[in-house]
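Please read the structure below before turning to the comments.
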There are 2 protein chains.
Amino acid sequence: MGTVERRERQRAEVRAAILRVAREMVVREGFEGLTMRKLAEAIEYSPAAIYLHFENRDAIARALCLQGFEELLARLEPLRHEPVASRRLRALAGAYVGFGLEHPETYRLLFMTDPKYTTDIFRSSEDAGGRAFQVLVRLAEDLKTQGDAAESMSVVPLAEVLWGAMHGLVSLKLTCPIFPSSSVEALVETLTNLCSRQGAST
Amino acid sequence: MGTVERRERQRAEVRAAILRVAREMVVREGFEGLTMRKLAEAIEYSPAAIYLHFENRDAIARALCLQGFEELLARLEPLRHEPVASRRLRALAGAYVGFGLEHPETYRLLFMTDPKYTTDIFRSSEDAGGRAFQVLVRLAEDLKTQGDAAESMSVVPLAEVLWGAMHGLVSLKLTCPIFPSSSVEALVETLTNLCSRQGAST
DNA sequence: GTCTATAGGCTGATAGAC
DNA sequence: GTCTATCAGCCTATAGAC
């Protein structure tokens, strides 16, 4: 006995290998560089074998997205405990933008490729998107109570504008390397100051 | 004589037809839906004929980008005369986001597809990108002198963050229809208030 | 200038042998 | 479970006839 377990273990290993190699390919060549043939060759199986583990190329993309977003989240969540809201904003923005620029192709896949994939993040059973958004909602609340943002602003749009601003910085830098001529640090600092009461402090 | 002129006119007409149809295809099916075969069929020429007017598909994309950016610019420039900076910001942001959402595939092609194309906007001889950026730099200056933004902020990073924030709103809405749950109006308003002294006014 | 024809490549996905 | 072989389609770009 135990042969069932061994088979399942082997099966899981192949699946993991597929994802690992697929990820490497995306990192190196972008999502469009991920093809079933090249993937098969890299894991030393025939193309057909992949379809025993994933329904199609789309399913692989979704699995990669889930993985990638969890990693982004892992970088944001520890920062949520900083009590001073403006400092927390600076830290979160720095981490978010840093992640995007360090993993450009992963970020592209997550947020700049197909609405299907991005939407999935907010629908997945793990609700990774919702958890990340909660961190920003909490930040928006604290920006208000600590007097950085006006009382009159609604929390949800404020959190969404913050996400949008961070996403905008990352995606501009990725799509147009020459345009935002300022350094990431300067941009993050400016964004932070823009959302702080004194405009430059803490 | 005049046959030379006629020929040149005809040549220009074919070129214009190619661009017109190419644009329709992009609008309807996105940039990846633009193929030389389908384009040829639509203008009732053979695929080979297109190569007499454009070096390749890339050249068509660049021409479309230039066109698209000029249209965006045409919507932004008239607003540059509003004297109250915070109002000008509201108007510019509304126009920018409006353009992106009304022409999603054009916007995607301009700013979310290939770094090559986006970079071209800032390198083209017409310097369309530079002109658009000037509008924002001017806005950033006035936000400072009118006391909306802190004196300590540098103008260029501020202008870049503003562009990033607007771009972030558009691209999030395009890539993830369900995420920013707030209306465009609420988001633009929140962004404006965030950059205004009182946090909610004018 | 415009055509036909085609080179030469790629793709995702599947049927059926072993 | 894994393979080979292949389907059915797409693509950009070009050679050479007219």
Side-chain angles (χ1 to χ4, degrees), chain A residues 2-26 28-65 105 108-109 113-114 116-117, chain B residues 1-26 28-65 105 109 113-114 116-117:
Chain A
T3 74
V4 174
E5 287 81 352
R6 193 202 60 226
R7 290 213 177 148
E8 276 176 12
R9 202 169 55 237
Q10 284 177 339
R11 194 179 153 74
E13 273 166 21
V14 174
R15 193 192 139 96
I18 291 173
L19 283 181
R20 189 181 62 246
V21 172
R23 175 158 192 182
E24 282 166 20
M25 292 177 63
V26 169
R28 263 204 314 278
E29 315 172 49
F31 179 56
E32 69 190 2
L34 173 67
T35 73
M36 303 303 259
R37 289 165 123 82
K38 284 194 291 180
L39 178 52
E41 200 174 354
I43 62 170
E44 298 179 302
Y45 277 92
S46 77
I50 299 173
Y51 291 90
L52 298 173
H53 295 86
F54 292 93
E55 194 190 336
N56 50 30
R57 183 172 174 259
D58 236 57
I60 298 177
R62 288 169 201 255
L64 289 179
C65 279
E105 294 303 340
R108 282 186 94 93
L109 179 58
T113 301
D114 192 323
K116 227 169 11 188
Y117 305 148
Chain B
M1 333 271 166
T3 72
V4 173
E5 287 81 353
R6 194 201 62 224
R7 287 215 179 145
E8 275 176 12
R9 204 169 52 238
Q10 285 177 339
R11 195 180 152 74
E13 273 166 20
V14 174
R15 195 192 138 96
I18 291 173
L19 284 180
R20 191 180 62 245
V21 171
R23 176 159 192 178
E24 282 166 20
M25 291 175 63
V26 169
R28 263 204 313 275
E29 316 170 49
F31 179 57
E32 68 189 5
L34 173 67
T35 73
M36 303 302 258
R37 289 166 123 79
K38 284 194 289 181
L39 178 51
E41 200 175 354
I43 61 168
E44 297 180 303
Y45 276 93
S46 77
I50 299 175
Y51 290 90
L52 298 174
H53 294 87
F54 291 93
E55 194 191 334
N56 51 32
R57 181 171 175 259
D58 236 56
I60 298 178
R62 287 170 201 254
L64 288 179
C65 280
E105 294 303 342
L109 179 58
T113 299
D114 192 322
K116 228 170 10 190
Y117 305 148

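Below, chain A is the first sequence line, B the second, and so on; all start at residue 1.
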message: On DNA chain C, does the nearest nucleotide to Arg7(B) precede the nearest nucleotide to Gly33(A) from the 5' side, or the other way round? Give the residue.
response: Arg7(B)
message: Please report the distance, rounded to the nearest Å, between CD in Glu44(A) and P in dT4(D).
response: 13 Å
message: Does Glu24(B), at its CD atom, have more than 12 non-hydrogen atoms belonging to other residues, nucleotides or ligands within less than 6.0 Å?
response: yes
field: Lys/Arg-Asp/Glu bridge criterion (N-O < 4.0 Å) met for Glu29(A), Lys38(A)
entry: yes
- request: Work out which heavy atom in Ile18(A) is nearest to a heavy atom in His53(A); give both atom names and the distance.
  value: CD1-CB, 3.9 Å
- prompt: Once you round it to whole Å, what is the distance between C1' of dA13(D) and CG of Asp58(B)?
  reply: 13 Å
Glu55(A) vs Lys38(A), nearer the 5' end of DNA chain C by closest nucleotide: Lys38(A)
Minimum side-chain heavy-atom gap Met36(B)-Ile60(B) below 4.5 Å: yes
message: Going 5' to 3' along DNA chain C, which are the first and last nucleotides with any atom under 4.0 Å from a heavy atom of chain B?
response: dG1(C) to dT4(C)
field: Exercise: identify the closest heavy-atom pair between Ala63(A) and Phe54(A)
entry: CB-CE2, 4.3 Å
message: With a 6.0 Å cut-off (strictly less than), is the heavy-atom count around CD of Gln10(A), excluding the residue itself, greater than 12?
response: yes
- request: Answer yes or no for Arg57(A) and Phe31(A): cation-pi contact, defined as NZ/CZ to six-membered ring centre under 6.0 Å and angle to ring axis within 45°.
  value: yes
- prompt: From Glu13(B) CD over to Arg6(B) CZ, what is the distance, rounded to the nearest 0.5 angstrom?
  reply: 11.0 Å
Interface with DNA chain C, restricted to residues 45-53 of chain A and to heavy atoms under 4.0 Å: Ala48(A), Tyr51(A)
